[in-house]
Asker: 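I'd like to ask you about the structure that follows.
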Protein chains: 2
Amino acid sequence: MDKPLKIPIQVSADRAEPMYHQIEVQLRGLILSGQLAEGTLLPSIREFASDLSCSVITIRRVYQDLENEGILRTRQGTGTFVAQVGEVRRERYRKEAVVEALRAAVRTGLDVQCTPEELRNLFEEALEQLLAEESGAKGEEQT
Amino acid sequence: MDKPLKIPIQVSADRAEPMYHQIEVQLRGLILSGQLAEGTLLPSIREFASDLSCSVITIRRVYQDLENEGILRTRQGTGTFVAQVGEVRRERYRKEAVVEALRAAVRTGLDVQCTPEELRNLFEEALEQLLAEESGAKGEEQT
DNA sequence: TATACTGTTAATATAAATATACACAGTAGA
DNA sequence: TCTACTGTGTATATTTATATTAACAGTATA
């Protein structure tokens, strides 16, 4: 049995975003980007909860949510693993949340009578800006 | 003093989306699209509440939220009006909600390691699909 | 001024989201 | 088997979001 590894996740109870959601987003990102390989044993809910200074139940919820999404597999008494999702299904899961968010945004735009052209421009702006922020943040990490 | 007009808004207590939010989205749309002209007197909170079969407080919240956004102006004892926002400011208000939603969507995409190209494609897909749905719904209204 | 409209405020009810503790049950290995 | 680990289920606390009532205060006008 593989040794469970330390998961590089940062959460803060101060943020408005609930703990379980912060964890889900980051863990999902690690899995769908391939940084956590299929079959990887995750920390036990107690160990992970201790690491992140939160309740066992919160981790339990995260594992359960991601299992329902199909990207984790869990067995009582044994542990929780990254599921054996094929490349195709992984792509689908990866896109689902994004598509949902994009649709919500577009819907908002149509509600206030944005034209398609206008929406494309605003999208491009947002994308450029966040890409810039991200590369900026990456650079600062090394400081 | 102008006669307050009937506002064409449809709400449903059955939907998961809260009442106040349904009303806000639609009323904001009517104002920012120019269908409700600047200076227009809106129904009193009691009359509007009666029309929509909801509480006075719910309408009150809507008016207050939109006043905080700067697109309504309200005076105790007199009524609530569409604010005198210039074309420039109206454009800004109109875009704000959309930009926020788009940024959230893009952030989600970057979280799961989408490439910019991929996000552009997904955005275009979502836009096309919702445009199709909308024109479809418009057509059915006449049935 | 009287009255009949406006919006306002405070106190409260209800439901949903978030987070928790603790007792329970399955699994693996000494 | 015993022990020490896994996840599971129940019952509950806490907070936030949503919605409400009823008494209050400003405004316009007959």
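Numbered from 1 within each chain, the chains take letters A, B, ... in sequence-line order.
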Asker: Between A/R60 and D/dG9, is there a side-chain N or O to OP1/OP2 distance below 4.0 Å?
Answerer: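 For D/dG9, OP1 or OP2 has a side-chain N or O of A/R60 closer than 4.0 Å.
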Asker: Applying the salt bridge (Lys or Arg N to Asp or Glu O under 4.0 Å) criterion to A/E69, which one of A/R89, A/R28, A/R94 satisfies it?
Answerer: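 Of all the options given, the one that passes is A/R28.
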Asker: Using the side-chain heavy atoms of B/Q76, tell me which of these nucleotides is nearest: D/dA25, C/dA19, C/dT27.
Answerer: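 Ranking D/dA25, C/dA19, C/dT27 by closest atom to the B/Q76 side chain puts D/dA25 first.
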Asker: Let me know, please, whether A/R75 or A/S53 comes out on the 5' side of the other along DNA chain C by nearest nucleotide.
Answerer: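 The residue mapped nearer the 5' terminus is A/S53.
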Asker: Checking contacts here: which listed nucleotide (C/dT6, C/dG7, D/dT27) is nearest the side-chain heavy atoms of B/T74?
Answerer: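 Selected nucleotide (nearest to the side chain): C/dG7.
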Asker: Between C/dT8, D/dA19, C/dT18, which one does the side chain of B/Y20 approach most closely?
Answerer: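 Side chain of B/Y20 sits closest to D/dA19.
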Asker: Going through the checks in order, is the side-chain hydrogen bond (donor to acceptor under 3.5 Å, both in side chains) test met by B/E117 and B/T115?
Answerer: CA-CA 5 Å; B/E117 268 324 302; B/T115 65; over 6 Å; no
Asker: How long is the line joining CD1 of A/I45 and C1' of C/dA21, in whole Å?
Answerer: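 So the CD1-C1' distance, A/I45 to C/dA21, works out to 13 Å.
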Asker: Just how far, in rounded Å, is P of D/dG7 from CZ of A/R73?
Answerer: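 After rounding, the reported distance stands at 13 Å.
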Asker: What is the distance from CD1 of A/I59 to C1' of C/dA21, rounded to the nearest Å?
Answerer: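 Rounded to whole Å, this separation is 16 Å.
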Asker: From D/dA28, C/dT8, D/dT6, pick the nucleotide closest to the side chain of A/S44?
Answerer: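 Taking heavy atoms from C-beta onward, the closest nucleotide is D/dT6.
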Asker: Working to the nearest 0.5 Å, report the span between CD of A/E24 and CG of B/D111.
Answerer: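 So the CD of A/E24 and the CG of B/D111 are separated by 12.5 Å.
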Asker: Please tell me which of A/G77 and A/V56 maps to the more 5' nucleotide of DNA chain C, matching each residue to the nucleotide holding its nearest heavy atom.
Answerer: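 The 5'-side residue here is A/V56.
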Asker: From the set C/dT18, D/dA19, C/dT6, return the single nucleotide nearest to any side-chain atom of A/R61.
Answerer: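 Per side-chain heavy atoms of A/R61, the pick is C/dT18.
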Asker: Which nucleotide wins on minimum distance to the side chain of B/I57, given the candidates C/dT20, C/dT9, D/dT18?
Answerer: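 Nearest to the side-chain atoms of B/I57, counting from C-beta on, is C/dT9.
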Asker: Between the side-chain atoms of A/R46 and the base atoms of D/dG7, is any donor-acceptor pair under 3.5 Å?
Answerer: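 Yes.
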Asker: If you only use heavy atoms from C-beta on, which nucleotide in D/dG7, C/dT20, D/dT21 is closest to the side chain of A/T58?
Answerer: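 Output: C/dT20.
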Asker: Distance check needed: C/dA16 P versus B/H21 NE2, whole Å only.
Answerer: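 To the nearest whole Å, that distance equals 18 Å.
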Asker: Return the value, rounded to whole Å, for the distance between atom CD of B/Q64 and atom C1' of C/dT9.
Answerer: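 Taking atom C1' of C/dT9 as the reference, CD of B/Q64 is at 10 Å.
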Asker: Please state how far atom CG in B/D65 lies from atom P in D/dT18, giving the value in whole angstrom units.
Answerer: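 Taking atom P of D/dT18 as the reference, CG of B/D65 is at 10 Å.
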Asker: Mind calculating the distance between CD (A/E17) and P (C/dA17) to the nearest angstrom?
Answerer: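 Rounded to the whole Å, the gap is 16 Å.
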Asker: Given atom CG of B/L72 and atom C1' of C/dT8, what is their separation to the nearest angstrom?
Answerer: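 Distance, rounded to whole Å: 16 Å.
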Asker: Verify the contact: side-chain N or O of A/T80 to OP1 or OP2 of D/dG7, cut-off strictly under 4.0 Å; return yes or no.
Answerer: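 Checking D/dG7 against A/T80, a side-chain N or O does come within under 4.0 Å of OP1 or OP2.
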Asker: So how far is it from A/I7 CD1 to A/L27 CG, rounded to the nearest 0.5 Å?
Answerer: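 Here the rounded value is 6.5 Å.
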Asker: Dump the intermediate steps for side-chain contact (heavy atoms from CB on, under 4.5 Å) on A/Q113 and B/L32, then the final yes or no.
Answerer: CA-CA 8 Å; A/Q113 316 294 323; B/L32 296 181; over 6 Å; no
